[in-house]
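In this chain, numbering begins with 1 at the start of the sequence shown. Keep in mind that the numbers below use all heavy atoms, side chains included, and drop hydrogens, waters and symmetry copies.
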Amino acid sequence: ARRDAARAQAIVAANQLDTAREILRELTGREHTELALLSDNMPLNSPEPEDIEQWVGKAMQQNLPLLAAQSAARISELQFKQQRAGHYPTLDLVANHTYSDTTEASFGSESEDTTIGIQLNMPIFQGGGIASRSREARHLYTQAQQKLEQQRRATIREARAAYLAVMAGISQVKALQQSLSSSEIALKATQAGFDVGTRTIVDVLNSQRELYRAQRDYARARYDHLLASLNLKQAAGILAEVDIKQINNWLK
């Protein structure tokens, strides 16, 4: 029964692997037959500075989606003011210059005229068009303000969640590393007991299963820690190419 269950799990895992490779090919535009693994000397770096509030402060100042939302809200405000100003009178400076030169037989005339003036326009009624556009602009401005507030809250949540994930990931990797060492020792002890007849082959298989599970969880925790570090820098708006190159140096 365990063998059949393991075979089913292997099929699911193989499908997940193929799907992940297709996503990678979509991102990079080429096929990847082999992928480098994380080396054993990958450091478990804590965020610098090790203060969650400072990271939230950076995110509020440099988070790109938040900056985009702020710009969108500012543009909506200016558009609202522009539409509302449609009710206001306008004062324009008007200048005109004309030159005329005609020649007919022996008679001709030449004239040149320049005028400069001020033109005052007072809108009276335009069928409600200005009021309608003003209401629309006001609603769009309110919508932009709500989106800005939503993005601000999301930025705070993302920064705090990423920071906590990095800190928790460090402890989790260390704990799973110890669990992996304990599983290896337990397997050796079970194998020795089987050799002398005090343990059964089922006990050995169970120990092997726990070892494989510990290896899987340990590897997953290390990758999750790296992703959390990248997510934290992305939320703070400081993710750069050098961060990707640094991770690439930890691959083998």
Checklist entry - Is there a path from F80 to L78 through hydrophobic residues (I, L, V, M, F, W, Y) whose side chains come within less than 4.5 Å of each other? => result no
Checklist entry - Charged N to carboxylate O below 4.0 Å: is that the case for R7 and D4? => result yes
Checklist entry - Would you say R152's side chain and L66's backbone share a donor-acceptor pair under 3.5 angstrom? => result no
Checklist entry - Is it true that the side chains of H97 and E112 contain a donor and an acceptor less than 3.5 Å apart? => result yes
Next on the checklist: Using 0.5 Å steps for rounding, measure from the CD atom of Q70 to the CD1 atom of I75.
Outcome noted: 12.0 Å
Next on the checklist: The criterion is side chain to side chain donor-acceptor pair (under 3.5 Å); which residues satisfy it with R153, sequence neighbours excluded?
Outcome noted: E149
Checklist entry - Given the rule that I, L, V, M, F, W and Y join up when any side-chain heavy atoms are under 4.5 Å apart, are V204 and V202 in one cluster? => result yes
Checklist entry - Which heavy-atom pair separates L176 from A221 by the least distance, and what is that distance? => result CD1-CB, 3.5 Å
Checklist entry - If you look only at pairs with a residue in residues 204-218, which of them pass as a salt bridge (Lys or Arg N to Asp or Glu O under 4.0 Å), with sequence neighbours excluded? => result E210-R213
Next on the checklist: Would a single hydrophobic cluster contain both V56 and L148, if residues Ile, Leu, Val, Met, Phe, Trp and Tyr are joined by side-chain heavy-atom contacts under 4.5 Å?
Outcome noted: yes
Listed pairs under 3.5 Å, donor-acceptor, residues 237-252 side chains, sequence neighbours left out:
residue : atom : partner : partner atom : Å
D243    : OD1  : K233    : NZ           : 2.7
D243    : OD2  : A240    : N            : 2.9
N249    : ND2  : K245    : O            : 3.3

Next on the checklist: When you compare the side chain of Q61 with that of L67, does any pair of heavy atoms fall below 4.5 Å?
Outcome noted: no
Item to check | Results of side chain to side chain donor-acceptor pair (under 3.5 Å) for Q54 - residues two or more places apart only | outcome: D51
Next on the checklist: Tell me which pairs pass side chain to side chain donor-acceptor pair (under 3.5 Å) where either residue lies in residues 185-208, with sequence neighbours left out.
Outcome noted: R2-N206, T190-S207, Q191-D195, R199-D203, T200-D203
Checklist outcome for this item: So salt bridge (Lys or Arg N to Asp or Glu O under 4.0 Å) across residues 155-182, not counting sequence neighbours, yields E53-R160
Checklist entry - Which pair of heavy atoms, one from A159 and one from W55, lies closest together, and at what distance? => result CB-O, 4.4 Å
Checklist entry - Q143 and L140: side-chain contact (heavy atoms from CB on, under 4.5 Å), yes or no, with the steps? => result CA-CA 5 Å; Q143 181 185 40; L140 292 176; 3.7 Å; yes
Checklist entry - Would L232 and L226 show up in the same hydrophobic cluster when neighbours are defined by side-chain heavy atoms closer than 4.5 Å? => result no
Checklist entry - CZ/R220 to CD/Q172 distance, rounded to the nearest 0.5 angstrom? => result 10.0 Å
Checklist entry - Going only through I, L, V, M, F, W and Y residues with side-chain contacts under 4.5 Å, is there a path from M167 to V173? => result no
Next on the checklist: Using only atom types and a distance under 3.5 Å, with no angle test, would you say the side chain of N96 pairs donor to acceptor with the backbone of T115?
Outcome noted: no
Checklist entry - Does anything in residues 23-37 pair up under salt bridge (Lys or Arg N to Asp or Glu O under 4.0 Å), and if so which pairs, sequence neighbours excluded? => result E22-R25, R25-E31
Checklist entry - Do I116 and V94 come close enough that some side-chain heavy atom pair is under 4.5 Å? => result no
Checklist entry - Quick one: CZ on R222 to CG on L227, what's the gap to the nearest 0.5 Å? => result 13.0 Å
Next on the checklist: Can you list, by chain and residue number, the hydrophobic cluster partners of L27 when the side-chain cut-off is 4.5 Å?
Outcome noted: I23
Next on the checklist: Could you report the tightest heavy-atom contact between S46 and I170, atom names first, then the distance?
Outcome noted: OG-CD1, 3.5 Å
Next on the checklist: Counting only heavy atoms not in K58 (residues, nucleotides, ligands), do more than 12 fall under 6.0 Å from its NZ?
Outcome noted: yes
Please tabulate, for side-chain N and O atoms in residues 179-186, each donor-acceptor pair with protein atoms closer than 3.5 Å (sequence neighbours left out).
residue : atom : partner : partner atom : Å
S181    : OG   : Q177    : O            : 3.2
S182    : OG   : Q178    : O            : 3.0
S183    : OG   : S179    : O            : 3.0

Next on the checklist: Tell me whether the count of non-hydrogen atoms from other residues, nucleotides or ligands lying under 6.0 Å of OH in Y223 goes above 12.
Outcome noted: yes
Checklist entry - Is the shortest heavy-atom distance from the side chain of L91 to the side chain of N121 under 4.5 Å? => result no
Checklist entry - Can you name the residues that form a side chain to side chain donor-acceptor pair (under 3.5 Å) with R3, not counting sequence neighbours? => result none
Checklist entry - Do you know the tightest heavy-atom contact between A73 and A144? => result CA-CB, 3.8 Å
Checklist entry - Quick one: salt bridge (Lys or Arg N to Asp or Glu O under 4.0 Å) partners of K81, sequence neighbours excluded? => result E77
Checklist entry - Say you draw a straight line from CG of N63 to CD of Q234; how long is it, rounded to the nearest 0.5 Å? => result 8.0 Å
Checklist entry - In this structure, are over 12 heavy atoms from other groups packed under 6.0 Å from Q62 atom CD? => result yes
Checklist entry - What residues, two or more places apart in sequence or in another chain, satisfy side chain to side chain donor-acceptor pair (under 3.5 Å) together with Q79? => result none
